[in-house]
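Quick notes on the structure that follows.
Quick caveat: nothing in here was measured; it's all calculated off a predicted structure. Starting from 1, each residue takes its place in the sequence as its number.
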Amino acid sequence: MNNVFMSEQTHNIFTWENLGDIKQGRGNLGEEMPVLVYRLMQYTMLDVLSKAYGSDTANVHFRAAGYLAGTEFAKNTLQLDVDFDTFVSGLQDALKSMKIGILRMEAFDAETGALTLTVGEDLDCSGLPVTNETVCMYDEGFISGILEAYTGKKYDVKEVDCWANGDRVCRFTGNVTE
C-alpha cells in the first residue's frame, strides 16, 4: 500500500470530541445517512483487514473497535449512575432513537450479571443474505463496552443468533469475566 495510507496521524486517535459537530458540518445533508452507506464502510473495512491479517485477527480488531465505541457511547450518551432497569430503558431509547436497533432484555441474573438480550432491526446485519454464520463481532464488542461502562466489570459478549444464520433478531449472551 501507498505510505499515504499508512502514516501516523493524530486524527487516528479516537476521542468523542473528534466526531465533530455534525449538525454544523452537514447543514444541508443532516445527521442521517442510509444504512447501506454504513454497511459499505463496515464490510469493505472488514474485507481489507481480513485479506491483510486473516479473518480471525480482523474479527478480534472489529470486536476491539466495537468495545471502544460502546464504552464511549455509554459514557457520552447514557446515564450510568442509575438502577439497572432505568439503565436498560435508557439504552433501549438511545439505540432506537439513533436507529442502531431495537433492544429487548430477555434475561438478567442480578447475582452473576449474566444476561441474554436481542437486537432487532440490527444496523449491522438485518436483511443480509443467510450465510449460516454470525457476523456481528463489532456488536459483541459494542455491547461489552456498554456493559463494562455501566457495571465496572468486564463482560464477554457472544452472538448466538444472527440474521445471517437465518434468525430474525441478533441474540447475545453476556457473562462477567472478572
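- Side-chain atoms of Ser144 come within 3.5 Å of backbone N or O of Tyr155 as a donor-acceptor pair.
- Arg171 has its side chain out of reach of Glu159: every pair of non-hydrogen atoms, C-beta onward, lies at least 4.5 Å apart.
- In this structure a side-chain-to-backbone donor-acceptor pair under 3.5 Å is missing from Glu121 to Gly101.
- Contact of the Phe73 side chain with the Leu95 side chain is registered, since non-hydrogen atoms from C-beta on lie closer than 4.5 Å.
- Residues forming a side chain to side chain contact (heavy atoms under 4.5 Å, CB included) with Thr44 (at least two apart in sequence, or on another chain): Leu40.
- Shown here are the ring pair (Phe, Tyr, Trp, His ring centres under 6.0 Å) partners of Phe84, two or more places apart in sequence or in another chain: Phe108.
- Here the side chains of Val160 and Thr134 are not in contact, with every heavy-atom distance at 4.5 Å or above.
- In terms of the side-chain hydrogen bond (donor to acceptor under 3.5 Å, both in side chains) criterion, Asn165 has no residue partners (sequence neighbours excluded).
- In terms of modelled atom types and a separation under 3.5 Å, the side chain of Tyr43 and the main chain of Asp124 share a donor-acceptor contact.
- In plain terms, the two heavy atoms of Val135 and Cys125 that are nearest each other are CG2-CB, 3.8 Å.
- Of the possible polar contacts, none joining the Ser89 side chain to the Asp85 backbone as a donor-acceptor pair under 3.5 Å is found.
- The two residues Tyr138 and Ala69 have their closest heavy-atom pair at OH-CB, 3.1 Å.
- The environment of CD in Gln79 is sparse: at most 12 heavy-atom neighbours from other residues, nucleotides or ligands sit within 6.0 Å.
- In this structure, Asp139 contributes its side chain and Phe142 its backbone to no donor-acceptor pair below 3.5 Å.
- Between Met137 and Arg63, the shortest heavy-atom distance links the atoms O-CG, 3.2 Å.
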